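Here's the structure, in structure tokens; my notes come after.
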Protein chains: 2
Amino acid sequence: MFGPIKRDPTSVYEQVLKQLTAAIMHGDLKPGDKLPSERSLAEMMGVSRTSLREALKMLAAAGMVNIKHGQGVFISEKGSPFNVLIKFAGKVNIDDDTVRDLFELRKLLETQNAVWACQRAENSVIDNLSEIVEQTLNSLNDTKDDLVILARQDSEFHTKLAEATGNKVIVRVMHDLLDLLNDVRCQTLSIPDRPLKSLNEHKEIVEALKSRSVDLVKEKMLVHLNNVEAELLKNR
Amino acid sequence: MFGPIKRDPTSVYEQVLKQLTAAIMHGDLKPGDKLPSERSLAEMMGVSRTSLREALKMLAAAGMVNIKHGQGVFISEKGSPFNVLIKFAGKVNIDDDTVRDLFELRKLLETQNAVWACQRAENSVIDNLSEIVEQTLNSLNDTKDDLVILARQDSEFHTKLAEATGNKVIVRVMHDLLDLLNDVRCQTLSIPDRPLKSLNEHKEIVEALKSRSVDLVKEKMLVHLNNVEAELLKNR
DNA sequence: GGAGATGAATTGTTTGGACCAATTAAAAGA
DNA sequence: TCTTTTAATTGGTCCAAACAATTCATCTCC
């Protein structure tokens, strides 16, 4: 799968980059797959470890791979070759103004997502969303694990909603936008009260979707996002 | 400007990344600025060239810096950590469905941009937009250079409009979205007729902005984008 | 004096090897 | 059987040397 690198026109790390992205795009490397170790992969390609590492760092910056110290390098979930919202998770300080800008974008995208989902989604998709919410409500049992469950539910809810629009580009943008905001949230102290409120607001959004009322869906989503933003900005 | 790196919790290249992005976002490093050479910068920060280079490669992948062999490292124009496009890798073939998805996103973003610009922008900003359009109209003289001028005008117009919203994240997203669509356009045969039509539509949008009519602005923008999309999909 | 060739200095690129640090799994001990 | 220790694997960091592209001062020749 990894032939030797031709040492012709462009630089070595660019060639490595090209070969790796090609492997990902062609499907030889699927999301979740683990790459060979840096040492062996470098040897396979006939390049130095340094050059390989620089290419890997670029892929990591683009969100296409996930580098874990002591474990290995993994292909990112949904690692799309284009329209990746690049971020340096936890490596950039994001000020309040930027958070507001991000939320303004998010409100624009997600209210429209909700509308499109309302107009386009099959009943089964909405039922699936409903199940996610109900399932989370039932699995809560006052343990400290609840926060983890609620965080995952939140991410899953908004992702599923984006998928319900049928627009794959938007799914990708939303995914990365949520990731970025999640990192921001993790930089602050955890908020034990907010997640449960969110879950209830999610429930209201689902109910609005079931009623197929565009205006109601839009309103519920906007209220939800405003609350999340306010809570996040308060604890910084 | 570049103090020594603290060697505490996170990895070295992350620290370098953090310090450099902070310097760029804070304005210490402005677009076009040339960074100190790798050797001296590494010494300033008290890190190895290897770590510094890996951080620089990540910044390059994110489009924040421009690395030129034999010349140096330069801060990119309008560099920010919020990129939609990956700067490396050979051009990806984008199918029609994806183009439609991209345009759906673009319509959502740009109609709202127009609305925000209508509500928020100073008169001087709108006058500036107007000047761009008029200036282009005057500089046309039936030469083959016209296409280049018109292409640049188109990009400048939409970028300025995004800037008029005051949302820096959206500016970045729009910039890269336009870049991506521009690549798509370049993959097709050039369309000699469309650009001039676009210019006139731009003029109509500016007129609508001057009237401060939100509904009119929204409508004009949507018509414009629908035309561009139709023309682009037709020639593929 | 000016155009082109030469070569040194600067800058990013690549390499090999050594060692540090996080993770995992096997081995040893209780 | 469970816990602790150890060793192996993997990414992270550093260094020193050589390679390659670019720039620019200098030299040569017309």
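All heavy atoms count here, side chains included; hydrogens, waters and symmetry mates do not. Small disclaimer: the values here were computed from a predicted structure and weren't measured.
The aromatic rings of B/Phe157 and B/His202 lie parallel to each other, with less than 30° between the two planes, well short of the 60° mark.
Within the 3.5 Å criterion, the main-chain N or O of B/Lys30 finds a donor-acceptor partner in the side chain of B/Asp33.
Legend: residues meeting salt bridge (Lys or Arg N to Asp or Glu O under 4.0 Å) with A/Asp97, ordered by chain and number and at least two apart, are A/Arg100.
Between B/Met45 atom CE and D/dC14 atom P the separation is 12 Å, expressed in whole Å. Taking atom CD on B/Gln71 and atom P on C/dA9, their separation rounds to 20 Å, with Å as the unit. Rounded to a whole Å, the NZ atom of A/Lys68 is 13 Å from the C1' atom of D/dG11.
One N or O donor and one acceptor, one from the side chain of B/Arg49 and one from the base of C/dT13, sit under 3.5 Å apart. A donor and an acceptor atom sit less than 3.5 Å apart, one in the side chain of A/Arg39 and one in the base of D/dG11.
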Strictly under 3.5 Å: I want the nitrogen or oxygen pairs between protein and nucleotides 25-27 of chain C, one per line.
none

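Nearest to the side chain of B/Arg53, among C/dT14, C/dT11, D/dT10, sits C/dT14. Checked against D/dT13, D/dT10, C/dT14, the side chain of B/Tyr13 finds its nearest nucleotide in D/dT13. For B/Ser11, the listed nucleotide lying nearest its side chain is D/dT13; candidates were C/dT14, D/dT13, C/dG12. Among the nucleotides C/dT11, C/dT24, D/dT23, the one closest to the side chain of B/Ser37 is C/dT11. Counting only heavy atoms from C-beta on, A/Val12 has its side chain closest to C/dT14 among C/dT14, D/dT23, C/dT11.
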Enumerate, atom names and distances included, each donor-acceptor pair closer than 3.5 Å involving a side-chain atom of residues 35-42 of chain A, sequence neighbours excluded.
{"from": "A/Ser37", "atom 1": "OG", "to": "A/Ser40", "atom 2": "N", "distance (Å)": "3.3"}
{"from": "A/Ser37", "atom 1": "OG", "to": "A/Ser40", "atom 2": "OG", "distance (Å)": "2.9"}
{"from": "A/Glu38", "atom 1": "OE1", "to": "A/Arg49", "atom 2": "NE", "distance (Å)": "3.0"}
{"from": "A/Glu38", "atom 1": "OE1", "to": "A/Arg49", "atom 2": "NH2", "distance (Å)": "3.0"}
{"from": "A/Glu38", "atom 1": "OE1", "to": "A/Arg53", "atom 2": "NH1", "distance (Å)": "3.2"}
{"from": "A/Glu38", "atom 1": "OE2", "to": "A/Arg53", "atom 2": "NH1", "distance (Å)": "2.8"}
{"from": "A/Ser40", "atom 1": "OG", "to": "A/Ser37", "atom 2": "N", "distance (Å)": "3.3"}
{"from": "A/Ser40", "atom 1": "OG", "to": "A/Ser37", "atom 2": "O", "distance (Å)": "3.1"}

Could you go through A/Glu229 and A/Lys107, starting from their C-alpha distance and side-chain angles, then the distance that decides it, and tell me whether this counts as salt bridge (Lys or Arg N to Asp or Glu O under 4.0 Å)?
CA-CA 10 Å; A/Glu229 179 186 17; A/Lys107 286 175 201 170; 2.7 Å; yes

Would you check, one step at a time, whether the test side chain to side chain contact (heavy atoms under 4.5 Å, CB included) holds for B/Glu54 with B/Leu59?
CA-CA 9 Å; B/Glu54 290 186 356; B/Leu59 287 170; over 6 Å; no

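Among the atoms of the strands shown, only primed sugar atoms or phosphate atoms (P, OP1, OP2) are found under 4.0 Å from some heavy atom of A/Glu38. Within 4.0 Å (heavy atoms only), A/Thr50 reaches at least one base atom of the nucleic acid.
Between A/Ser51 and B/Gly70, the residue anchored closer to the 5' end of DNA chain C is B/Gly70, taking for each the nucleotide with the nearest heavy atom.
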